[in-house]
Amino acid sequence: MSADDNSTRTNFIRNIIDEDLAAGRNGGRVATRFPPEPNGYLHIGHAKSICLNFGIAQDYNGTCNLRFDDTNPHKENVEFVEAIQRDVHWLGYDWGDRLYYASDYFEQLYELACELIRRGKAYVCDLSPEQIRDYRGTLTRPGKDSPYRDRSVDENLDLFARMRAGEFEDGARILRARIDMASPNMNMRDPAIYRIRRGAVHHQTGEAWCIYPMYDFTHCISDSIEGITHSLCTLEFEDHRPLYDWFLDTLEMECHPRQIEFSRLELQYTVTSKRRLTELVEEGHVEDWDDPRMPTIAGLRRRGYTPASIRDFCERIGVTKSENNVEMGVLENCVREDLNRTAPRRMAVLHPLKVVIENYPEGEVEELEAPNHPQDETMGTRRLPFTRELYIEQDDFREQAPRKFKRLVSGGEVRLRNAYVIRCERVIKDSRGEIVELRCSYDPDTLSKNPEGRKVKGVIHWVSAAHAVEAELRLYDRLFNHPSPAAARDGADYRAHLNPDSLLTLTHCRLESSLANAQPGEHFQFERQGYFCVDPDHSHDRPVFNRTVTLRDSWARIEQQQKEAS
RNA sequence: UGGGGCGUCGCCAAGCGGUAAGGCACUGGGUUUUGAUCUCAGCAUACGCAGGUUCGAAUCCUGCCGCCCCAGCCA
């Protein structure tokens with residue numbers, strides 16, 4: 001694939017697989033699966049699971065299935081089914097012809113449930129949801145048996161068939177596993193395995209069913225049917241493993257996958273729970289699932305993150321069972337590293353300040369050649385029109401220079417990137433005292449060479465006023481201003497920590513002319529500013545770029561320190 | 001308070017009885033027409049705490065402490 005793939009680290013799951021292989025288990029076969037529920041968009045946490053499952057399949061010459069865990073028709077839909085496939089593909093993984101739905105197995109699942117009944121290991125229970133909760137007991141008190149626990153096999157079979165036939169109201173009855181109401185593991189206290197959902201329209205099976213199997217029953221059997229060898233899931237399912245094993249053992253399934261749990265990814269300054277992401281979208285705190293501030297795969301893509309950078313990130317954070325809280329800096333470092341290598345350089349002025357080169361002939365246009373990448377000649381060059389009137393960054397000029405400031409000051413010199421050295425001769429202000437224009441002179445003998453007898457330390461970017469493309473630049477910052485918005489000590493709802501300044505839209509930015517035919521999805525480094533990508537909303541008439549991430553900025557840090565010192 | 005997990009540098013994370021990898025962050029130096037990149041150097045006498053076993057422990061034993069998960073007809 002790409003540069004990030006030759007340094008695969010090991011982790012405890014790979015170690016377990018190595019041991020299984022060494023012990024000759026599963027006939028040397030490795031089969032994993034990525035099993036999303038299509039009830040929302042995939043996020044960075046899913047990326048971790050995707051890279052783990054598909055990555056293992058690749059490295060062990062095995063297979064990884066994509067399987068939709070679609071057992072809850074109330075929450076799922078095809079929009080999500082399609083978005084998930086798009087995102088997994090975009091991340092760089094391919095499931096070939098192994099696209100499955102748990103709903104593919106509904107008939108088998110039903111038959112297996114009947115088998116459980118025949119073996120005396122499942123029963124139809126008429127208790128209401130409230131009664132079931134009551135009978136379940138608490139964490140410290142055992143539950144008590146349902147009065148329906150000892151129905152005959154025939155009665156159970158009959159009732160279950162009638163549940164399927166739609167004879168009973170939603171909630172009137174459920175099918176339960178018959179295990180142990182006194183188990184210290186709550187999951188083993190006769191868990192529900194089928195519930196009634198009449199009138200639900202399932203995105204895959206339509207109205208064929210009015211009973212739907214529960215996760216615990218469905219998941220292990222789906223894994224078994226598909227011949228999965230290692231079923232990887234997150235830590236909260238650790239308590240479910242005895243149940244996973246119980247179903248497969250009780251039904252004497254031929255294939256018994258090994259469930260292994262790892263900790264889910266926590267990323268600072270964001271939320272990664274589908275419930276909260278759904279709320280952010282539905283309550284309008286963000287534009288949509290693909291809002292560039294969202295930690296969704298779609299959002300990261302629109303923000304300008306590359307598949308390789310996300311894979312690299314997943315590699316770097318590792319896979320363990322300990323809780324973690326990864327800093328945004330790690331993710332950001334991954335894109336910077338990838339984009340530094342691959343993104344062509346361009347110049348863009350975010351906050352324009354007019355500069356007139358007084359000793360440059362009016363009407364003249366010089367075509368200067370500039371490399372697309374300072375370290376990679378193979379990326380070629382492009383032409384920059386140089387003229388008498390330019391724009392530079394407001395922030396690159398100060399009337400009074402702070403300590404260590406090496407940009408343009410009154411009477412001082414600075415290098416225009418890929419062009420000449422200029423000197424600021426005069427500052428023009430409006431009636432309110434605001435600087436509106438700089439009158440400068442240029443040294444014609446400084447193109448591609450240093451001036452005689454003096455050092456010019458600073459280099460700033462610029463664009464030709466007459467040729468500039470006017471564009472909208474969207475600058476993004478973290479969505480939340482608290483490192484753990486969902487677990488803040490102040491007890492406030494995560495929404496209280498939403499960052500009001502997470503999006504700053506700049507509408508009159510000036511870009512170098514070569515950007516006129518940029519295409520949606522393209523990445524660039526706007527020198528000295530950051531990495532940007534062309535937004536899907538972009539058009540030739542209304543250019544729109546998103547800032548993926550800023551460049552590292554040691555000047556900002558120095559300036560900050562000076563501010564704090566004074 | 002029942003059960004299941006986890007505790008190694010600011011954040012991740014190797015380590016599996018032989019005397020603390022690596023990445024990110026941070027600090028300082030060099031190169032540089034991006035204060036970018038690149039590059040060099042520094043950054044845990046210490047592995048939640050307390051005992052014990054051992055010539056030797058982050059790794060084994062015991063006891064504490066802290067944090068997370070579980071009482072959906074969600075996944």
Subject >> Nearest to side-chain heavy atoms of A:M186, which nucleotide of B:G72, B:U27, B:G2 >> reply: B:G2
**OP:** With heavy atoms under 4.0 Å as the rule, sort A:I174 into base, sugar-phosphate or nothing.
**Re:** base
Subject >> Pairing partner of B:A57 (Watson-Crick or G-U wobble, both distances under 3.5 Å) >> reply: none
**OP:** With sequence neighbours excluded, give me every salt bridge (charged side-chain N to carboxylate O under 4.0 Å, His left out) pair touching residues 33-53 of chain A.
**Re:** A:R33-A:D223
Subject >> Set of salt bridge (Lys or Arg N to Asp or Glu O under 4.0 Å) partners for A:E369, sequence neighbours left out >> reply: none
Original post:
Nearest-Å distance, CZ (A:R316) to P (B:C12)?
Top reply: 16 Å
**OP:** Report the distance from atom NE2 of A:H74 to atom C1' of B:C74, rounded to the nearest whole Å.
**Re:** 11 Å
Original post:
Would A:R346 and A:N372 count as having a side-chain donor-acceptor pair, cut-off 3.5 Å?
Top reply: yes
Original post:
At their closest point, which heavy atom of A:W462 faces which heavy atom of A:I460, and how far apart are they?
Top reply: CD1-O, 3.9 Å
Original post:
Nearest to the side chain of A:D239 - B:A75, B:G5, B:G3?
Top reply: B:G3
**OP:** Identify which nucleotide among B:C74, B:C16, B:G23 has an atom closest to any side-chain atom of A:E37, counting heavy atoms from C-beta outward.
**Re:** B:C74
**OP:** Could you give the distance separating B:A58 and B:C16 at their C1' atoms, to the nearest angstrom?
**Re:** 10 Å
Subject >> Spacing of the P atoms in B:G17 and B:G10 (rounded, Å) >> reply: 27 Å
Original post:
Checking A:R151 against A:Y123: charged group under 6.0 Å from the ring centre and within 45 degrees of the axis?
Top reply: no
**OP:** Starting at atom NZ of A:K321, determine the distance to atom P of B:A14, rounded to an integer number of angstrom.
**Re:** 13 Å
Subject >> Rounded distance in Å between the C1' positions of B:G5 and B:U53 >> reply: 27 Å
Which protein N or O atoms sit under 3.5 Å from an N or O of nucleotides 64-67 of chain B?
none

Original post:
Base, sugar-phosphate, or nothing: which does A:Y212 touch, judged by heavy atoms less than 4.0 Å apart?
Top reply: nothing
Original post:
Distance-only, no hydrogens or angles: does the A:R195 side chain make a donor-acceptor pair with backbone N or O of A:P213 under 3.5 Å?
Top reply: yes
**OP:** With C1' as the reference atom in both, quote the distance from B:G23 to B:C61 in angstrom, rounded to an integer.
**Re:** 34 Å
All N/O contacts under 3.5 Å from nucleotides 7-11 of chain B to the protein, with atom names and distances to one decimal?
from	atom 1	to	atom 2	distance (Å)
B:G10	N2	A:E327	OE1	3.0
B:C11	O4'	A:E327	OE2	3.0
B:C11	O3'	A:N325	O	3.1
B:C11	O2'	A:N325	O	2.7
B:C11	O2'	A:E327	N	3.4

**OP:** Go through the structure and list residues passing side chain to side chain contact (heavy atoms under 4.5 Å, CB included) with A:T138, not counting sequence neighbours.
**Re:** A:T140, A:R141
**OP:** Tell me the partner of B:G7, counting only Watson-Crick (N1-N3 plus N6-O4 or O6-N4) or G-U wobble (N1-O2 and O6-N3) with both under 3.5 Å; none if nothing fits.
**Re:** B:C65
Original post:
Looking for any heavy atom pair under 4.0 Å, which part of the strands does A:G329 touch: base, sugar-phosphate only, or nothing?
Top reply: sugar-phosphate
Subject >> Sugar-phosphate or base contact per nucleotide [nucleotides 28-41 of chain B; S, B, -; heavy atom under 4.0 Å] >> reply: -----BBBBB----
**OP:** Could you tell me which residues satisfy side chain to side chain contact (heavy atoms under 4.5 Å, CB included) with A:Q375, sequence neighbours excluded, listed by chain and number?
**Re:** A:H373
Original post:
C1' atom, B:A50 versus B:G66: distance in rounded Å?
Top reply: 15 Å
**OP:** Could I get the full list of ring-ring contact (aromatic ring centres under 6.0 Å, His included) partners for A:F160, not counting sequence neighbours?
**Re:** A:Y110, A:Y194
Original post:
Expressed as a whole number of Å, how far does the C1' atom of B:G48 sit from that of B:C9?
Top reply: 15 Å
Subject >> Pair partner, B:A21 [Watson-Crick or wobble, under 3.5 Å] >> reply: none
Original post:
Quick one: side-chain hydrogen bond (donor to acceptor under 3.5 Å, both in side chains) partners of A:R197, sequence neighbours excluded?
Top reply: none
**OP:** State which of B:G5, B:C73, B:G2 makes the closest approach to the side chain of A:P184.
**Re:** B:G2
Subject >> Value in whole Å for how far the C1' atom of B:C12 lies from CD1 of A:I44 >> reply: 14 Å
**OP:** Check every strand shown and say whether A:M347 touches a base, only sugar-phosphate, or nothing at a heavy-atom separation below 4.0 Å.
**Re:** nothing
Subject >> Touch class at under 4.0 angstrom, heavy-atom based, for A:T550 against every strand present >> reply: nothing
**OP:** Determine which pairs satisfy salt bridge (charged side-chain N to carboxylate O under 4.0 Å, His left out) with at least one residue from residues 319-333 of chain A, sequence neighbours left out, and list them in order.
**Re:** A:E238-A:K321, A:E261-A:K321
**OP:** Only counting residues at least two apart or in another chain, list the ones meeting side chain to side chain contact (heavy atoms under 4.5 Å, CB included) with A:R478.
**Re:** A:Y269, A:N499
**OP:** Could you check how far OH of A:Y269 sits from C1' of B:A25, rounded to whole Å?
**Re:** 13 Å
Original post:
What is the glycosidic conformation of B:G52: syn, defined as within 90° of 0, or anti?
Top reply: anti
Original post:
Residues in side chain to side chain contact (heavy atoms under 4.5 Å, CB included) with A:R198, at least two apart?
Top reply: A:E169, A:D170, A:I196, A:C210
